[in-house]
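Written below as C-alpha coordinates is the structure these notes are about.
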Amino acid sequence: MNAVLAAGWTGHDTRLIIATVVAIAVIVVLITKVKLHPFLSLVLGSLVLGLTAGMPVDKLLKSFTNGVGSTVASVGILIALGAMLGKLLADSGGADQIVDTVLGKARGAALPWAMALVAALIGLPMFFEIGLVMLIPVVLLAAKRTGKPLMLLGIPAVAGLSVLHGLVPPHPGPLAAAGALNANVGVTLAFGLLVGIPTLVVTGPLFGRFAAKLVPDAQPPERLIPERPDTDKPRPSFAATLTTVLLPVVLMLAKALSDILLAKDNQARKILDFVGDPLIALLAAVLVGMVLLGRPAGLDRARLSTVLAESLGPIAGIILIVGAGGGFKQTLVDAGVGDVITGLAKDAHLSPLLLGWLVAVAIRLATGSATVATVSAAGIVAPLAATMDPSHSALLVLAIGAGSLFFSHVNDAGFWLVKEYFGLSVGQTLKSWSVMETLISVVAIALILPLSLVV
(Lines give C-alpha, C1' and ligand atoms only; values in the text may rest on other atoms or scores of the structure.)
Protein backbone atom coordinates (compact mmCIF):
# COMPACT_ATOMS: atom_id res chain seq x y z
CA MET A 1 0.00 0.00 0.00
CA ASN A 2 2.85 2.38 0.82
CA ALA A 3 4.36 1.71 -2.60
CA VAL A 4 1.08 2.61 -4.24
CA LEU A 5 0.83 5.86 -2.24
CA ALA A 6 4.47 6.67 -3.05
CA ALA A 7 3.65 6.35 -6.72
CA GLY A 8 1.08 9.12 -6.33
CA TRP A 9 -1.98 6.93 -5.89
CA THR A 10 -4.91 8.03 -3.76
CA GLY A 11 -7.87 6.19 -2.35
CA HIS A 12 -9.98 7.87 -5.04
CA ASP A 13 -7.74 6.47 -7.79
CA THR A 14 -8.12 2.99 -6.35
CA ARG A 15 -11.89 3.42 -6.23
CA LEU A 16 -11.97 4.46 -9.89
CA ILE A 17 -9.95 1.42 -10.98
CA ILE A 18 -12.22 -0.88 -8.95
CA ALA A 19 -15.27 0.83 -10.50
CA THR A 20 -13.89 0.25 -14.00
CA VAL A 21 -13.15 -3.43 -13.35
CA VAL A 22 -16.60 -3.96 -11.81
CA ALA A 23 -18.34 -2.18 -14.71
CA ILE A 24 -16.50 -4.21 -17.35
CA ALA A 25 -17.25 -7.41 -15.40
CA VAL A 26 -20.94 -6.47 -15.31
CA ILE A 27 -20.97 -5.86 -19.08
CA VAL A 28 -19.20 -9.17 -19.74
CA VAL A 29 -21.52 -11.19 -17.48
CA LEU A 30 -24.65 -9.59 -18.89
CA ILE A 31 -23.61 -10.29 -22.48
CA THR A 32 -22.15 -13.77 -22.03
CA LYS A 33 -24.14 -15.31 -19.17
CA VAL A 34 -27.44 -13.44 -19.00
CA LYS A 35 -27.51 -13.14 -22.83
CA LEU A 36 -28.63 -9.52 -22.57
CA HIS A 37 -28.32 -7.37 -25.69
CA PRO A 38 -24.99 -5.46 -25.76
CA PHE A 39 -26.85 -2.13 -25.91
CA LEU A 40 -28.63 -2.76 -22.60
CA SER A 41 -25.45 -4.27 -21.13
CA LEU A 42 -23.45 -1.13 -21.95
CA VAL A 43 -26.16 1.12 -20.51
CA LEU A 44 -26.25 -0.84 -17.25
CA GLY A 45 -22.44 -1.09 -17.15
CA SER A 46 -22.18 2.70 -17.49
CA LEU A 47 -24.60 3.20 -14.60
CA VAL A 48 -22.67 0.73 -12.44
CA LEU A 49 -19.41 2.52 -13.33
CA GLY A 50 -20.71 5.93 -12.37
CA LEU A 51 -22.39 4.86 -9.14
CA THR A 52 -19.42 2.77 -8.01
CA ALA A 53 -17.06 5.65 -8.81
CA GLY A 54 -19.16 7.97 -6.68
CA MET A 55 -20.43 10.26 -9.42
CA PRO A 56 -23.49 12.38 -8.55
CA VAL A 57 -26.55 10.89 -10.24
CA ASP A 58 -27.34 14.01 -12.27
CA LYS A 59 -23.75 14.22 -13.54
CA LEU A 60 -23.75 10.49 -14.35
CA LEU A 61 -26.91 10.71 -16.46
CA LYS A 62 -25.69 13.84 -18.23
CA SER A 63 -22.31 12.25 -19.01
CA PHE A 64 -23.92 9.13 -20.46
CA THR A 65 -26.51 10.95 -22.57
CA ASN A 66 -23.95 13.45 -23.85
CA GLY A 67 -21.69 10.57 -24.86
CA VAL A 68 -24.51 8.78 -26.65
CA GLY A 69 -25.61 11.95 -28.42
CA SER A 70 -22.18 13.00 -29.66
CA THR A 71 -21.32 9.49 -30.80
CA VAL A 72 -24.55 8.90 -32.71
CA ALA A 73 -24.30 12.37 -34.25
CA SER A 74 -20.76 11.79 -35.50
CA VAL A 75 -20.68 8.05 -36.16
CA GLY A 76 -24.31 6.97 -36.52
CA ILE A 77 -24.90 9.00 -39.70
CA LEU A 78 -21.77 7.53 -41.28
CA ILE A 79 -22.85 3.98 -40.42
CA ALA A 80 -26.25 4.68 -42.00
CA LEU A 81 -24.68 6.02 -45.20
CA GLY A 82 -22.33 3.03 -45.34
CA ALA A 83 -25.29 0.68 -45.00
CA MET A 84 -27.09 2.44 -47.86
CA LEU A 85 -24.04 2.13 -50.10
CA GLY A 86 -23.68 -1.56 -49.27
CA LYS A 87 -27.35 -2.24 -49.97
CA LEU A 88 -27.15 -0.46 -53.32
CA LEU A 89 -24.11 -2.55 -54.21
CA ALA A 90 -25.92 -5.77 -53.33
CA ASP A 91 -29.37 -5.13 -54.82
CA SER A 92 -28.13 -3.61 -58.08
CA GLY A 93 -25.96 -6.62 -58.87
CA GLY A 94 -22.80 -4.57 -58.52
CA ALA A 95 -21.35 -7.00 -55.99
CA ASP A 96 -22.01 -9.88 -58.38
CA GLN A 97 -20.31 -7.91 -61.13
CA ILE A 98 -17.17 -7.52 -59.00
CA VAL A 99 -17.17 -11.22 -58.16
CA ASP A 100 -17.69 -12.38 -61.76
CA THR A 101 -15.13 -9.98 -63.22
CA VAL A 102 -12.33 -10.69 -60.75
CA LEU A 103 -12.88 -14.45 -60.52
CA GLY A 104 -13.28 -14.64 -64.31
CA LYS A 105 -9.68 -13.45 -64.65
CA ALA A 106 -8.27 -15.82 -62.04
CA ARG A 107 -7.09 -19.35 -62.63
CA GLY A 108 -5.23 -21.96 -60.58
CA ALA A 109 -2.88 -20.53 -57.97
CA ALA A 110 -4.27 -17.01 -58.50
CA LEU A 111 -7.74 -17.99 -57.25
CA PRO A 112 -7.07 -17.52 -53.49
CA TRP A 113 -5.58 -14.08 -54.20
CA ALA A 114 -8.63 -13.22 -56.30
CA MET A 115 -10.88 -14.25 -53.41
CA ALA A 116 -8.99 -11.90 -51.09
CA LEU A 117 -9.31 -9.06 -53.61
CA VAL A 118 -13.04 -9.63 -54.05
CA ALA A 119 -13.53 -9.66 -50.28
CA ALA A 120 -11.55 -6.44 -49.89
CA LEU A 121 -13.53 -4.63 -52.60
CA ILE A 122 -16.91 -5.80 -51.33
CA GLY A 123 -15.81 -5.34 -47.73
CA LEU A 124 -15.04 -1.62 -48.14
CA PRO A 125 -18.66 -0.42 -48.05
CA MET A 126 -20.32 -3.45 -46.43
CA PHE A 127 -20.59 -4.56 -42.82
CA PHE A 128 -18.91 -7.82 -41.93
CA GLU A 129 -22.03 -9.95 -41.52
CA ILE A 130 -23.58 -8.72 -44.78
CA GLY A 131 -20.37 -9.26 -46.73
CA LEU A 132 -20.02 -12.72 -45.20
CA VAL A 133 -23.52 -13.78 -46.23
CA MET A 134 -22.86 -12.51 -49.76
CA LEU A 135 -19.38 -13.96 -50.20
CA ILE A 136 -19.62 -17.42 -48.67
CA PRO A 137 -21.97 -18.80 -51.38
CA VAL A 138 -19.45 -17.60 -53.97
CA VAL A 139 -16.65 -19.38 -52.10
CA LEU A 140 -18.65 -22.61 -51.88
CA LEU A 141 -19.50 -22.55 -55.57
CA ALA A 142 -15.90 -21.77 -56.60
CA ALA A 143 -14.59 -24.63 -54.43
CA LYS A 144 -17.08 -27.05 -55.97
CA ARG A 145 -16.36 -26.06 -59.56
CA THR A 146 -12.56 -25.92 -59.27
CA GLY A 147 -12.12 -28.86 -56.90
CA LYS A 148 -9.80 -26.79 -54.70
CA PRO A 149 -9.83 -27.22 -50.89
CA LEU A 150 -12.54 -25.16 -49.22
CA MET A 151 -10.15 -23.55 -46.74
CA LEU A 152 -7.75 -22.52 -49.52
CA LEU A 153 -10.46 -20.28 -50.98
CA GLY A 154 -12.53 -19.59 -47.87
CA ILE A 155 -9.82 -18.23 -45.58
CA PRO A 156 -8.70 -15.45 -48.00
CA ALA A 157 -12.34 -14.36 -48.39
CA VAL A 158 -13.19 -14.16 -44.69
CA ALA A 159 -9.76 -12.65 -43.92
CA GLY A 160 -10.44 -9.84 -46.40
CA LEU A 161 -13.75 -9.05 -44.73
CA SER A 162 -12.32 -9.27 -41.21
CA VAL A 163 -9.29 -7.05 -41.87
CA LEU A 164 -11.51 -4.35 -43.38
CA HIS A 165 -14.00 -4.70 -40.51
CA GLY A 166 -11.36 -4.15 -37.84
CA LEU A 167 -9.00 -1.64 -39.40
CA VAL A 168 -10.63 0.45 -42.11
CA PRO A 169 -13.34 3.14 -41.89
CA PRO A 170 -16.27 3.42 -42.65
CA HIS A 171 -16.79 0.24 -40.64
CA PRO A 172 -18.46 0.90 -37.26
CA GLY A 173 -15.55 -0.14 -35.02
CA PRO A 174 -12.83 2.07 -36.54
CA LEU A 175 -15.30 4.94 -36.92
CA ALA A 176 -16.38 4.72 -33.30
CA ALA A 177 -12.78 4.53 -32.07
CA ALA A 178 -11.77 7.46 -34.28
CA GLY A 179 -14.64 9.48 -32.83
CA ALA A 180 -13.74 8.60 -29.25
CA LEU A 181 -10.07 9.45 -29.78
CA ASN A 182 -10.68 12.51 -31.98
CA ALA A 183 -8.60 10.87 -34.69
CA ASN A 184 -8.67 12.06 -38.31
CA VAL A 185 -10.73 9.52 -40.26
CA GLY A 186 -8.81 10.12 -43.49
CA VAL A 187 -5.45 9.50 -41.81
CA THR A 188 -6.93 6.44 -40.08
CA LEU A 189 -8.14 5.16 -43.46
CA ALA A 190 -4.71 5.69 -45.05
CA PHE A 191 -2.87 3.88 -42.25
CA GLY A 192 -5.60 1.23 -42.13
CA LEU A 193 -4.96 0.36 -45.77
CA LEU A 194 -1.18 0.53 -45.25
CA VAL A 195 -1.38 -1.97 -42.39
CA GLY A 196 -4.33 -3.93 -43.74
CA ILE A 197 -2.90 -4.93 -47.12
CA PRO A 198 0.16 -6.83 -45.83
CA THR A 199 -1.93 -8.21 -42.97
CA LEU A 200 -4.43 -9.59 -45.50
CA VAL A 201 -1.63 -11.09 -47.62
CA VAL A 202 -0.22 -13.00 -44.64
CA THR A 203 -3.49 -14.08 -43.04
CA GLY A 204 -5.47 -14.65 -46.23
CA PRO A 205 -3.84 -16.38 -49.22
CA LEU A 206 -0.68 -17.43 -47.33
CA PHE A 207 -2.39 -18.76 -44.19
CA GLY A 208 -5.10 -20.27 -46.41
CA ARG A 209 -2.56 -22.79 -47.71
CA PHE A 210 -1.74 -23.85 -44.17
CA ALA A 211 -5.41 -23.92 -43.15
CA ALA A 212 -6.16 -26.23 -46.07
CA LYS A 213 -3.72 -28.72 -44.52
CA LEU A 214 -5.06 -28.21 -40.99
CA VAL A 215 -8.64 -28.85 -42.13
CA PRO A 216 -8.22 -30.95 -45.30
CA ASP A 217 -11.61 -32.65 -45.17
CA ALA A 218 -13.85 -29.58 -44.90
CA GLN A 219 -16.99 -30.19 -46.95
CA PRO A 220 -19.70 -27.53 -47.13
CA PRO A 221 -23.35 -28.61 -46.93
CA GLU A 222 -24.68 -29.27 -50.44
CA ARG A 223 -27.85 -27.33 -49.68
CA LEU A 224 -25.81 -24.15 -49.24
CA ILE A 225 -24.00 -24.37 -52.58
CA PRO A 226 -25.86 -22.07 -54.99
CA GLU A 227 -25.79 -21.61 -58.70
CA ARG A 228 -24.83 -18.18 -59.91
CA PRO A 229 -27.81 -15.89 -60.52
CA ASP A 230 -29.05 -15.18 -64.04
CA THR A 231 -26.22 -13.31 -65.75
CA ASP A 232 -28.69 -11.83 -68.27
CA LYS A 233 -30.26 -9.73 -65.53
CA PRO A 234 -29.27 -6.07 -66.08
CA ARG A 235 -26.62 -4.83 -63.72
CA PRO A 236 -23.98 -2.07 -63.59
CA SER A 237 -20.60 -2.39 -65.27
CA PHE A 238 -17.45 -3.30 -63.37
CA ALA A 239 -16.05 0.19 -63.95
CA ALA A 240 -19.18 1.87 -62.59
CA THR A 241 -19.25 -0.40 -59.56
CA LEU A 242 -15.56 0.11 -58.80
CA THR A 243 -15.91 3.88 -59.17
CA THR A 244 -18.76 3.93 -56.65
CA VAL A 245 -16.99 1.70 -54.14
CA LEU A 246 -13.69 3.58 -54.27
CA LEU A 247 -15.11 7.14 -54.45
CA PRO A 248 -15.33 7.73 -50.66
CA VAL A 249 -11.90 6.14 -50.15
CA VAL A 250 -10.30 8.42 -52.75
CA LEU A 251 -12.00 11.54 -51.36
CA MET A 252 -10.99 10.83 -47.75
CA LEU A 253 -7.41 9.99 -48.74
CA ALA A 254 -7.21 13.19 -50.81
CA LYS A 255 -8.30 15.19 -47.76
CA ALA A 256 -5.70 13.47 -45.57
CA LEU A 257 -2.94 14.21 -48.10
CA SER A 258 -4.01 17.85 -48.52
CA ASP A 259 -3.86 18.35 -44.76
CA ILE A 260 -0.24 17.21 -44.85
CA LEU A 261 0.97 18.84 -48.07
CA LEU A 262 -1.01 22.09 -48.44
CA ALA A 263 -1.18 25.27 -46.35
CA LYS A 264 -4.31 25.90 -44.30
CA ASP A 265 -5.36 28.92 -46.39
CA ASN A 266 -4.88 27.06 -49.70
CA GLN A 267 -8.17 27.05 -51.65
CA ALA A 268 -7.65 23.50 -52.95
CA ARG A 269 -7.18 22.27 -49.39
CA LYS A 270 -10.41 23.95 -48.29
CA ILE A 271 -12.30 22.20 -51.10
CA LEU A 272 -10.72 18.83 -50.34
CA ASP A 273 -11.39 19.29 -46.62
CA PHE A 274 -15.08 19.63 -47.49
CA VAL A 275 -15.50 16.86 -50.07
CA GLY A 276 -13.13 14.57 -48.15
CA ASP A 277 -15.03 14.83 -44.88
CA PRO A 278 -16.38 11.30 -44.18
CA LEU A 279 -19.97 12.55 -44.13
CA ILE A 280 -19.70 14.27 -47.53
CA ALA A 281 -17.59 11.48 -49.06
CA LEU A 282 -20.07 8.76 -48.13
CA LEU A 283 -23.07 10.91 -49.06
CA ALA A 284 -21.49 11.52 -52.48
CA ALA A 285 -20.91 7.79 -52.93
CA VAL A 286 -24.56 7.01 -52.12
CA LEU A 287 -25.83 9.66 -54.56
CA VAL A 288 -23.43 8.53 -57.29
CA GLY A 289 -24.37 4.91 -56.60
CA MET A 290 -28.05 5.68 -57.09
CA VAL A 291 -27.16 6.74 -60.64
CA LEU A 292 -24.25 4.47 -61.61
CA LEU A 293 -25.60 1.35 -59.89
CA GLY A 294 -29.35 1.92 -59.81
CA ARG A 295 -30.06 2.95 -63.39
CA PRO A 296 -28.23 0.10 -65.18
CA ALA A 297 -29.99 -2.37 -62.88
CA GLY A 298 -33.38 -0.94 -63.80
CA LEU A 299 -34.12 0.43 -60.33
CA ASP A 300 -36.66 3.26 -60.62
CA ARG A 301 -37.09 6.00 -58.04
CA ALA A 302 -39.62 4.06 -56.00
CA ARG A 303 -37.43 0.94 -55.90
CA LEU A 304 -34.33 2.99 -55.02
CA SER A 305 -36.23 4.58 -52.15
CA THR A 306 -37.24 1.12 -50.92
CA VAL A 307 -33.67 -0.22 -51.19
CA LEU A 308 -32.29 2.68 -49.15
CA ALA A 309 -35.04 2.34 -46.54
CA GLU A 310 -34.43 -1.41 -46.19
CA SER A 311 -30.74 -0.80 -45.54
CA LEU A 312 -31.40 0.99 -42.26
CA GLY A 313 -33.31 -1.67 -40.33
CA PRO A 314 -30.47 -4.17 -39.90
CA ILE A 315 -28.04 -1.53 -38.59
CA ALA A 316 -30.28 -0.11 -35.87
CA GLY A 317 -28.74 -2.46 -33.31
CA ILE A 318 -25.21 -1.55 -34.38
CA ILE A 319 -25.89 2.18 -34.05
CA LEU A 320 -27.40 1.66 -30.59
CA ILE A 321 -24.40 -0.43 -29.44
CA VAL A 322 -21.96 2.17 -30.75
CA GLY A 323 -23.99 4.96 -29.14
CA ALA A 324 -24.10 3.19 -25.77
CA GLY A 325 -20.36 2.60 -26.11
CA GLY A 326 -19.95 6.34 -26.56
CA GLY A 327 -21.97 6.87 -23.37
CA PHE A 328 -19.74 4.40 -21.54
CA LYS A 329 -16.67 6.22 -22.86
CA GLN A 330 -17.91 9.61 -21.70
CA THR A 331 -18.80 8.23 -18.28
CA LEU A 332 -15.26 6.87 -17.97
CA VAL A 333 -13.80 10.24 -18.93
CA ASP A 334 -16.02 12.35 -16.68
CA ALA A 335 -15.51 10.03 -13.70
CA GLY A 336 -11.75 10.55 -14.06
CA VAL A 337 -10.90 6.95 -14.94
CA GLY A 338 -9.05 8.01 -18.06
CA ASP A 339 -6.61 10.14 -16.10
CA VAL A 340 -5.84 7.22 -13.80
CA ILE A 341 -5.28 4.91 -16.78
CA THR A 342 -3.01 7.53 -18.34
CA GLY A 343 -0.96 7.70 -15.14
CA LEU A 344 -0.75 3.92 -14.97
CA ALA A 345 0.51 3.69 -18.54
CA LYS A 346 3.15 6.35 -17.92
CA ASP A 347 4.32 4.77 -14.66
CA ALA A 348 4.57 1.36 -16.32
CA HIS A 349 6.29 2.90 -19.38
CA LEU A 350 3.84 0.96 -21.52
CA SER A 351 3.24 2.03 -25.11
CA PRO A 352 -0.26 3.54 -25.46
CA LEU A 353 -0.67 1.52 -28.66
CA LEU A 354 0.16 -1.73 -26.89
CA LEU A 355 -2.09 -0.81 -23.98
CA GLY A 356 -5.01 -0.10 -26.33
CA TRP A 357 -4.44 -3.43 -28.06
CA LEU A 358 -4.27 -5.37 -24.78
CA VAL A 359 -7.44 -3.77 -23.40
CA ALA A 360 -9.32 -4.55 -26.63
CA VAL A 361 -8.01 -8.14 -26.60
CA ALA A 362 -9.26 -8.67 -23.05
CA ILE A 363 -12.75 -7.32 -23.79
CA ARG A 364 -12.95 -9.22 -27.09
CA LEU A 365 -12.08 -12.52 -25.39
CA ALA A 366 -14.65 -11.87 -22.69
CA THR A 367 -17.59 -10.56 -24.74
CA GLY A 368 -16.97 -12.00 -28.21
CA SER A 369 -17.99 -8.71 -29.83
CA ALA A 370 -15.41 -6.80 -31.86
CA THR A 371 -17.58 -3.67 -31.80
CA VAL A 372 -18.05 -3.75 -28.01
CA ALA A 373 -14.32 -4.36 -27.55
CA THR A 374 -13.47 -1.41 -29.80
CA VAL A 375 -15.82 1.17 -28.29
CA SER A 376 -15.04 0.11 -24.71
CA ALA A 377 -11.26 0.05 -25.18
CA ALA A 378 -11.35 3.41 -26.97
CA GLY A 379 -13.18 4.92 -24.01
CA ILE A 380 -10.69 3.53 -21.52
CA VAL A 381 -7.58 4.81 -23.31
CA ALA A 382 -9.09 8.00 -24.79
CA PRO A 383 -7.11 10.39 -22.53
CA LEU A 384 -3.88 8.92 -23.90
CA ALA A 385 -4.78 10.32 -27.33
CA ALA A 386 -5.23 13.88 -26.05
CA THR A 387 -1.55 14.75 -26.49
CA MET A 388 -0.93 12.62 -29.59
CA ASP A 389 -0.40 13.99 -33.08
CA PRO A 390 -2.87 12.94 -35.83
CA SER A 391 -0.66 10.09 -37.03
CA HIS A 392 -0.32 8.43 -33.64
CA SER A 393 -3.95 8.89 -32.64
CA ALA A 394 -4.89 7.16 -35.93
CA LEU A 395 -2.47 4.33 -35.12
CA LEU A 396 -4.07 4.00 -31.67
CA VAL A 397 -7.42 3.51 -33.43
CA LEU A 398 -5.84 0.72 -35.49
CA ALA A 399 -4.20 -0.88 -32.45
CA ILE A 400 -7.57 -1.06 -30.72
CA GLY A 401 -9.19 -2.40 -33.90
CA ALA A 402 -6.51 -5.07 -34.19
CA GLY A 403 -7.05 -6.12 -30.57
CA SER A 404 -10.80 -6.36 -31.14
CA LEU A 405 -10.26 -9.19 -33.67
CA PHE A 406 -8.18 -11.44 -31.40
CA PHE A 407 -9.23 -15.12 -31.17
CA SER A 408 -12.88 -15.28 -32.15
CA HIS A 409 -14.41 -18.25 -30.32
CA VAL A 410 -17.77 -19.63 -29.20
CA ASN A 411 -19.08 -16.34 -27.77
CA ASP A 412 -18.76 -14.59 -31.16
CA ALA A 413 -21.61 -14.67 -33.69
CA GLY A 414 -19.06 -14.63 -36.53
CA PHE A 415 -17.62 -17.93 -35.25
CA TRP A 416 -20.97 -19.68 -35.67
CA LEU A 417 -21.68 -18.08 -39.04
CA VAL A 418 -18.41 -19.41 -40.45
CA LYS A 419 -18.89 -22.81 -38.80
CA GLU A 420 -22.36 -23.35 -40.25
CA TYR A 421 -21.72 -21.94 -43.73
CA PHE A 422 -18.52 -23.92 -44.17
CA GLY A 423 -19.98 -27.05 -42.58
CA LEU A 424 -17.19 -27.29 -39.99
CA SER A 425 -17.05 -28.82 -36.53
CA VAL A 426 -16.24 -26.60 -33.55
CA GLY A 427 -12.68 -27.96 -33.53
CA GLN A 428 -12.20 -27.29 -37.23
CA THR A 429 -13.53 -23.75 -36.84
CA LEU A 430 -11.09 -23.11 -34.00
CA LYS A 431 -8.18 -24.41 -36.09
CA SER A 432 -9.07 -22.29 -39.12
CA TRP A 433 -11.24 -19.23 -38.42
CA SER A 434 -10.12 -18.63 -34.82
CA VAL A 435 -6.42 -18.99 -35.66
CA MET A 436 -6.88 -16.68 -38.66
CA GLU A 437 -8.51 -13.98 -36.49
CA THR A 438 -5.67 -14.24 -33.98
CA LEU A 439 -3.11 -13.95 -36.76
CA ILE A 440 -4.81 -10.81 -38.11
CA SER A 441 -4.65 -9.24 -34.64
CA VAL A 442 -1.01 -10.15 -34.02
CA VAL A 443 0.30 -9.33 -37.51
CA ALA A 444 -1.50 -5.97 -37.47
CA ILE A 445 -0.10 -4.86 -34.10
CA ALA A 446 3.33 -6.14 -35.17
CA LEU A 447 3.13 -3.72 -38.12
CA ILE A 448 1.55 -0.84 -36.18
CA LEU A 449 4.19 -0.65 -33.43
CA PRO A 450 7.24 -0.16 -35.68
CA LEU A 451 5.21 2.12 -37.95
CA SER A 452 4.62 4.40 -34.95
CA LEU A 453 8.39 4.88 -34.66
CA VAL A 454 8.80 6.30 -38.16
CA VAL A 455 5.74 8.54 -38.58
Side-chain angles (χ1 to χ4, degrees), residues 72-102 118-135 138 161 164-165 168-172 174-175 185-186 189 228-255 271-319:
V72 172
S74 61
V75 177
I77 296 174
L78 302 182
I79 294 174
L81 290 171
M84 287 181 172
L85 182 57
K87 184 69 170 172
L88 277 172
L89 187 66
D91 284 18
S92 67
D96 287 330
Q97 186 68 276
I98 289 177
V99 169
D100 288 344
T101 302
V102 175
V118 166
L121 289 174
I122 290 180
L124 273 172
M126 286 192 179
F127 299 121
F128 177 79
E129 292 81 2
I130 299 171
L132 193 65
V133 170
M134 287 191 62
L135 263 186
V138 176
L161 290 175
L164 272 283
H165 174 69
V168 181
H171 288 273
L175 275 179
V185 175
L189 172 62
R228 294 296 298 144
D230 184 4
T231 54
D232 294 331
K233 181 181 176 182
R235 60 188 186 185
S237 68
F238 179 72
T241 305
L242 200 61
T243 298
T244 305
V245 169
L246 295 181
L247 177 62
V249 177
V250 171
L251 291 177
M252 285 190 276
L253 288 178
K255 177 187 183 302
I271 294 172
L272 289 172
D273 279 346
F274 176 73
V275 299
D277 183 88
L279 173 61
I280 301 301
L282 281 168
L283 177 61
V286 171
L287 295 177
V288 168
M290 292 172 68
V291 177
L292 294 187
L293 302 181
R295 282 187 177 178
L299 302 179
D300 58 20
R301 293 178 183 176
R303 179 56 187 154
L304 278 173
S305 178
T306 301
V307 167
L308 296 180
E310 289 175 348
S311 70
L312 299 178
I315 61 157
I318 295 174
I319 292 177

Does A254 have any side chain to side chain contact (heavy atoms under 4.5 Å, CB included) partners at least two apart in sequence or in another chain, and if so, which? L272
Give me each pair satisfying salt bridge (Lys or Arg N to Asp or Glu O under 4.0 Å) with a member in residues 276-301, each pair once, sequence neighbours excluded. none
Positive for side-chain contact (heavy atoms from CB on, under 4.5 Å) with H171, one of L161, I79, I318, L164: L164
Value for CD1 (I77) from CG (L279), rounded to nearest 0.5 Å, stands at 6.0 Å
Paired with T244, the side-chain contact (heavy atoms from CB on, under 4.5 Å) test is passed by just one of L287, L292, V286, namely L292
Would you name the heavy atoms of V118 and I98 that are closest together and state the gap between them? CG2-O, 4.3 Å
Strictly by salt bridge (Lys or Arg N to Asp or Glu O under 4.0 Å), give each pair with a member in residues 238-247 just once, sequence neighbours left out. none
With sequence neighbours excluded, residues passing side chain to side chain contact (heavy atoms under 4.5 Å, CB included) with V249: L124, L189, L193, L253
Results of side chain to side chain contact (heavy atoms under 4.5 Å, CB included) for P248 - residues two or more places apart only: L85, M252, A281, L282, A285
Indicate yes or no: at least one non-hydrogen side-chain atom of V185 is less than 4.5 angstrom from one of K255. no
Between CG on residue L246 and CG on residue L121, distance to nearest 0.5 Å: 6.5 Å
OG1/T241 to CD/Q97 distance, rounded to the nearest 0.5 angstrom? 6.0 Å
So which heavy atom on P236 is nearest to which on S92, and how close? CD-O, 3.2 Å
Report, one line per pair, each donor and acceptor closer than 3.5 Å where one atom sits in a side chain of residues 306-316; sequence neighbours left out.
residue: T306; atom: OG1; partner: A302; partner atom: O; Å: 3.0
residue: S311; atom: OG; partner: L308; partner atom: O; Å: 2.6

Test of understanding: with side chain to side chain contact (heavy atoms under 4.5 Å, CB included), list the residues that count as partners of S237, not counting sequence neighbours. A239, A240
